[in-house]
Each structure stands twice: as structure tokens, then as C-alpha cells.
There are 2 protein chains.
Amino acid sequence: MRWAPDARGRLERAAFDLFGEQGYAATTVPQITARAGLTTRTFFRYFADKREVIFGGDEIPRAAARLISEAPPELEPIDVIRLVLDEVAATRFDGRREETAAWRRMINADDSLRDRDARKRADLVAAARTAFVDRGEAQRSATIFAETGALIFHVALDAWLAEPEARPMGDTIAEIMTWVCVRRLEGTPLGS
Amino acid sequence: MRWAPDARGRLERAAFDLFGEQGYAATTVPQITARAGLTTRTFFRYFADKREVIFGGDEIPRAAARLISEAPPELEPIDVIRLVLDEVAATRFDGRREETAAWRRMINADDSLRDRDARKRADLVAAARTAFVDRGEAQRSATIFAETGALIFHVALDAWLAEPEARPMGDTIAEIMTWVCVRRLEGTPLGS
DNA sequence: GTCTATATCGCGATAGAC
DNA sequence: GTCTATCGCGATATAGAC
């Protein structure tokens, strides 16, 4: 056949290998595509820019939105957050602490990656907000719940990665959640 | 004198004018510097990149950190947040709703500006966290208070700009704050 | 200040899949 | 045949090096 399969996967692997060897900034797109046996132009067909190789496109916002939609309708929003975060922690982070820490180190070492990382969090909030609205939340409460979920998750991820001993990330999340409480007050008089 | 004064201000004004006329993405740095009567190189001496003309450098994180440090030491963190946000609202936003809305529209219209905007929020959180630590908060609680302050501020700003009638931004902030509560639980047994 | 590398993207051609 | 992935070439702006 004319093209080797899985061009996207080859680009991702070549990129991560090179980033590991030389660092993110020192690696050029032509180097990545040369290693993957493709052209520079092809890289930009799969990834909007060089930063996007690091982040999984919109996979995370989509997964979060799906989990929120599928949560039992009778759950309070804060319990939806708990459910979603526990699921995410168990399936995507437990057992991958070292890889995750290395990934975070790479992001934190580069300014343009920190920009994009912050943007990804905003995208996650936007997707979660929509999902909460679909559950019947008002715009404003949906926004606050989405923001709060992202807050808990990011604080917990940082804390979990900083802990001396590996333990289930859900434990860290539970600790953070005891700290933050969000009350639904829509419609109640101000100051109540 | 050899150089016309206020190169930075001229660059900012030229940039905003051109962004208004042609849009952000369609405006090149050489166009900006030509209008300001300066060279491209000079632009990058004042601004790290093209996006930074839009944001005020690290002025906002610095101001927030200063306000947190100067708040009366006996205040609870959530009341420090209230104080700081009210001050910021009154001095920087009240009476500038239209400019602020236009500024937000410009940011939301461009992907690279959304990246940077999200990053600026992260920088603000980092500065506020440090300031809370200086007040004697533990790392983890400082992080949560800083994140919560940023959350309230951003939700309130969005809401305030979306309101049909202009009113003091502090009123919107007060409404949002009745929604979000943060408890200091460091040192208490888990599950309490 | 000048020079240059590199990211980024548009366009037309082409090769194989269905 | 049409559709899609890929290529090759080129143009331009940002951003950093010298």
C-alpha cells in the first residue's frame, strides 16, 4: 500500500520521543515528521499546531460531558462532580502517576504549553457547563458547578502528583472535596 | 529629543486601532509599528509577543497580590476575597462596561487570545496563592482560596457584562458569592 | 538594528481506496 | 469515477539570535 497506516499515531510517538530526547522547544516539526516518515504539511493536517500533539484534542472535554450526561438524574450537582471525578481518576490516572508527572513537568517547563494547558481547562469548563445545562441547571449555576469541578480536579491532580506515596487519586479528590462546598441558591432571596 | 516619548503607549494605541479596524489576526506587527513610527524589533522589546499588547503584562496579578497582602490580617480568607474583588470591581471595571465588553469580545474571537487569557487567569491564581501563603495559609488552602477567588471573579465578570442594565459590578459579585462557600478544614479529621 | 529560523497555512497534483 | 489522504512547493509572519 502507498501509505503506512496510523499516520497520527506515528506522529504522536515521534513527537513524544523527540520531546523526551531534546525537549519540546528544541524539537521542530520537520524533525518530528522526518522521524515519522511524513511531510511537514501532513503534521498540520492532524494537529492544529505543534502544541496540540501534547494534549488529546477535545477528548477530555467530550468524556467529561458524557459522564455528566450519563449520571443519574436525581443526583445533586456536587455528587455528579464527585462521581465524574472518581471515574476519571480511576480510569485515566490511577497506575499512571509517573507518566502523568512527566507529562505535567513537560507542560510546566514551556510557556506556550502552559498557555495551551490553561486553555484546555477553560474548554473543559465550557463542555461541563453545557452538560449541566442539559441536566436542567440554570446557566449561572451550571457555570459555577462546572468551574468548581475543574477547580477540584486540578487542585487534586497537583496534590496527588506531589504526594510522596502513590495512592488512589480518588482519595486525594475526596480530601479536596471536603474543602469546597457549593450550594444551589437560585431563586432564594439575596443574603439568605 | 531623539525619540518621541511613550513608545509603549503609542504601540498599544496603534495596535488597538488596527485590531478594531481589521481584526486581531489580520493585523501584523509591522503594521502596528509602522503606524506607531517604530521598528518591529522595538515592538518585541516592549511586548513578549503579539498577544501581550492585549493584556496588561503582570499588572493584574501584582495588584491582586498587593491587595491580599494589605487586607487586615484578622479577616477570614473568604472575606479577603470579597474585599479584593470589590476593590477591583470599583476601581477597574465600574464605568467601563462597554470597553470591557469590547475587550472580551476581541479575546473570545481569537483562539490564540483565548489561550493567553486562560493563562493569565492561571498566573493570577498563582500570585494570589503566594499572597495567601504569606498570610499564613497552608499551601493547599491557599491554592483553593486563590482558585475560588478567580472563579468568582470570572463568573461575575461574565455575568456583569451580560446584564441588560449597567450596575455596580460589586452587586454581581455579591450575588455570585452567595453561591460559593469555602470552608477551612485543614487539620480536622477527614469526613468531619 | 539586522538577519534568519521555524511555525503555519494555501494551493494544486497525485495515488490509492471504495 | 469519486473521495480522501498525502505530497511538494511556496508564501508570510512571528519571534529569537547575533
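In what follows, every chain begins at residue 1, and chains take the letters A, B, ... in the order their sequences are listed.
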Checklist outcome for this item: Between CG of B:L38 and P of C:dT2 the distance, given in whole Å, is 13 Å
Checklist outcome for this item: A:F55 meets the ring pair (Phe, Tyr, Trp, His ring centres under 6.0 Å) criterion, sequence neighbours left out, with none
Checklist entry - Which residues pass the ring pair (Phe, Tyr, Trp, His ring centres under 6.0 Å) test with B:F16, sequence neighbours left out? => result none
Next on the checklist: How many whole angstroms separate atom CG of A:D49 from atom C1' of C:dT6?
Outcome noted: 14 Å
Checklist entry - Rounded to the nearest Å, what distance is computed from the OH atom of residue A:Y24 to the P atom of nucleotide C:dT6? => result 14 Å
Just the atom pairs and distances: protein N or O near nucleotides 8-13 of chain D's N or O, under 3.5 Å.
none

Item to check | NZ/NE/NH1/NH2 to OD/OE distance under 4.0 Å, B:E175 and B:R167 | outcome: yes
Item to check | Nearest-angstrom distance from the residue atom CG of A:D6 to C1' of D:dT6 | outcome: 15 Å
In residues 65-77 of chain B, what donor-acceptor pairs under 3.5 Å come from side-chain atoms, sequence neighbours left out?
{"from": "B:R66", "atom 1": "NH1", "to": "B:E70", "atom 2": "OE1", "distance (Å)": "3.4"}
{"from": "B:S69", "atom 1": "OG", "to": "B:A65", "atom 2": "O", "distance (Å)": "2.7"}
{"from": "B:E76", "atom 1": "OE1", "to": "B:R184", "atom 2": "NH2", "distance (Å)": "3.0"}

Checklist outcome for this item: Taking for A:F47 and for B:T40 the nucleotide of DNA chain C with the nearest heavy atom, the one nearer the 5' end belongs to B:T40
Next on the checklist: Rounding to an integer number of Å, can you tell me how far B:E52 CD sits from D:dT14 P?
Outcome noted: 15 Å
Item to check | Between P of C:dT4 and CZ of B:F44, the distance in whole Å | outcome: 18 Å
Next on the checklist: Can you tell me if A:Y46 touches the phosphate of D:dT6, counting only side-chain N or O atoms and a distance under 4.0 Å to OP1 or OP2?
Outcome noted: yes
Checklist entry - With respect to the phosphate group of D:dT6, does any side-chain polar atom (N or O) of A:T42 fall under 4.0 Å of OP1 or OP2? => result no
Next on the checklist: Just the rounded figure in Å: distance from P of C:dA7 to CZ of B:R51.
Outcome noted: 14 Å
Checklist entry - Rounded to whole angstroms, how far apart are CD1 on B:I32 and C1' on D:dT14? => result 11 Å
Item to check | Set of residues satisfying ring pair (Phe, Tyr, Trp, His ring centres under 6.0 Å) with respect to A:F43, sequence neighbours excluded | outcome: A:F47
Next on the checklist: Donor-acceptor check, side chain of B:K120 to backbone of B:P61, threshold 3.5 angstrom: yes or no?
Outcome noted: no
Checklist outcome for this item: Cluster membership besides A:L124, Ile/Leu/Val/Met/Phe/Trp/Tyr side chains within less than 4.5 angstrom, sorted by chain and number, is A:I60
